[in-house]
Amino acid sequence: MFAVKDVFSGFSVNDVAKAKVFYTEIMGLRVEEEAGMGLYLHLPGGSKVFVYPKENHRPATFTILNFEVDDIDIAVDELTKNGIHFERYEGMPADAKGIVRGKAAKKGPDIAWFTDPAGNILSVLEGGE
């Protein structure tokens, strides 16, 4: 068996500078720039994700990061104030804020999707019981 030192995931963006501003100022993450390579997003709990530039970037068509919060209504309100628009998907009934209320329906967490400046899909969610 090989010896693993660390594990991290990564995703691409079309503009690293915009990604840095978004993930620090809007999402509140600690971001470390790797000169000429990309960014490390330091996530709560000690994990990290590498964000790298890709000339022919295509946004992910699935959720790449889920931000778990204690109160989804507060999180959505704060993100909306910061200019975030929440996505709506066919077959996923959302309320006026864009939140799919899974907990009340006993169908998973309350969740709301949005995108980063590169179009990658993210979510905020409040866990189900």
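Computed from a predicted structure; not experimentally measured. Only heavy atoms go into these numbers, but all of them, side chains included; no hydrogens, no water, no symmetry mates.
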Who pairs with Phe50 by ring-ring contact (aromatic ring centres under 6.0 Å, His included), at least two apart in sequence or on another chain? Tyr40
So, for Arg88 and Lys97, which heavy atoms are closest and what is the spacing to 0.1 Å? NH2-C, 4.0 Å
Donor-acceptor pairs are to be reported for all side-chain atoms of residues 112-125 against protein atoms at under 3.5 Å, with residues two or more places apart or in another chain.
| residue | atom | partner | partner atom | Å |
| --- | --- | --- | --- | --- |
| Trp113 | NE1 | Thr63 | OG1 | 3.1 |
| Asp116 | OD1 | Ala118 | N | 2.9 |
| Asp116 | OD1 | Gly119 | N | 3.0 |
| Asp116 | OD1 | Asn120 | N | 2.9 |
| Asp116 | OD2 | Tyr23 | OH | 2.8 |
| Asp116 | OD2 | Asn120 | ND2 | 3.2 |
| Asn120 | OD1 | Ala60 | N | 3.0 |
| Asn120 | ND2 | Ser12 | O | 3.0 |
| Ser123 | OG | Asn66 | OD1 | 2.6 |

Before giving the answer on side chain to side chain contact (heavy atoms under 4.5 Å, CB included), spell out for Leu79 and Met27 the whole-Å C-alpha distance, their side-chain angles and the decisive distance to 0.1 Å. CA-CA 8 Å; Leu79 289 168; Met27 300 310 298; 3.9 Å; yes
Going only through I, L, V, M, F, W and Y residues with side-chain contacts under 4.5 Å, is there a path from Ile111 to Phe67? no
Closest heavy-atom pair, Val51 versus Ala19, reported as atoms and distance to 0.1 Å, is CG1-CB, 4.4 Å
What are the two closest heavy atoms between Phe8 and Lys48, and how far apart are they? CB-O, 3.3 Å
The residue among Ile99, Val100, Val76, Val69 that forms side-chain contact (heavy atoms from CB on, under 4.5 Å) with Asp110 is Ile99
Pairwise distance CZ(Arg30) to CD(Glu32) - rounded to 0.5 angstrom: 6.0 Å
To the nearest 0.5 Å, tell me how far Leu65 CG sits from Glu68 CD. 13.5 Å
Answer yes or no: is there an ion pair linking Asp73 with Arg101, defined by an N-O contact shorter than 4.0 Å? yes
Counting distance only, does the side-chain N/O of Thr24 pair as donor-acceptor with the main-chain N or O of Lys20 below 3.5 Å? yes
Grab the two heavy atoms, one from Leu29 and one from Pro44, that are nearest each other, plus how far apart they are. CD2-CD, 4.1 Å
Could you tell me the separation between the CG atom of Asp71 and the CD atom of Glu78, rounded to the nearest 0.5 Å? 9.5 Å
Using the rule that two of Ile, Leu, Val, Met, Phe, Trp, Tyr join whenever any of their side-chain heavy atoms come within less than 4.5 Å, decide whether Phe62 and Phe11 are in one cluster. yes
Locate the shortest heavy-atom distance separating Pro109 from Gly127; write the atom from each residue and the value. CB-CA, 3.9 Å
Assess the residue pair Tyr52 and Met37 against the criterion (side chain to side chain contact (heavy atoms under 4.5 Å, CB included)); give the C-alpha distance rounded to whole Å, side-chain angles, the decisive distance to 0.1 Å, and a yes or no. CA-CA 6 Å; Tyr52 56 92; Met37 300 282 295; over 6 Å; no
Checking Glu126 side chain against Ile72 main chain: does a donor-acceptor pair fall under 3.5 Å? yes
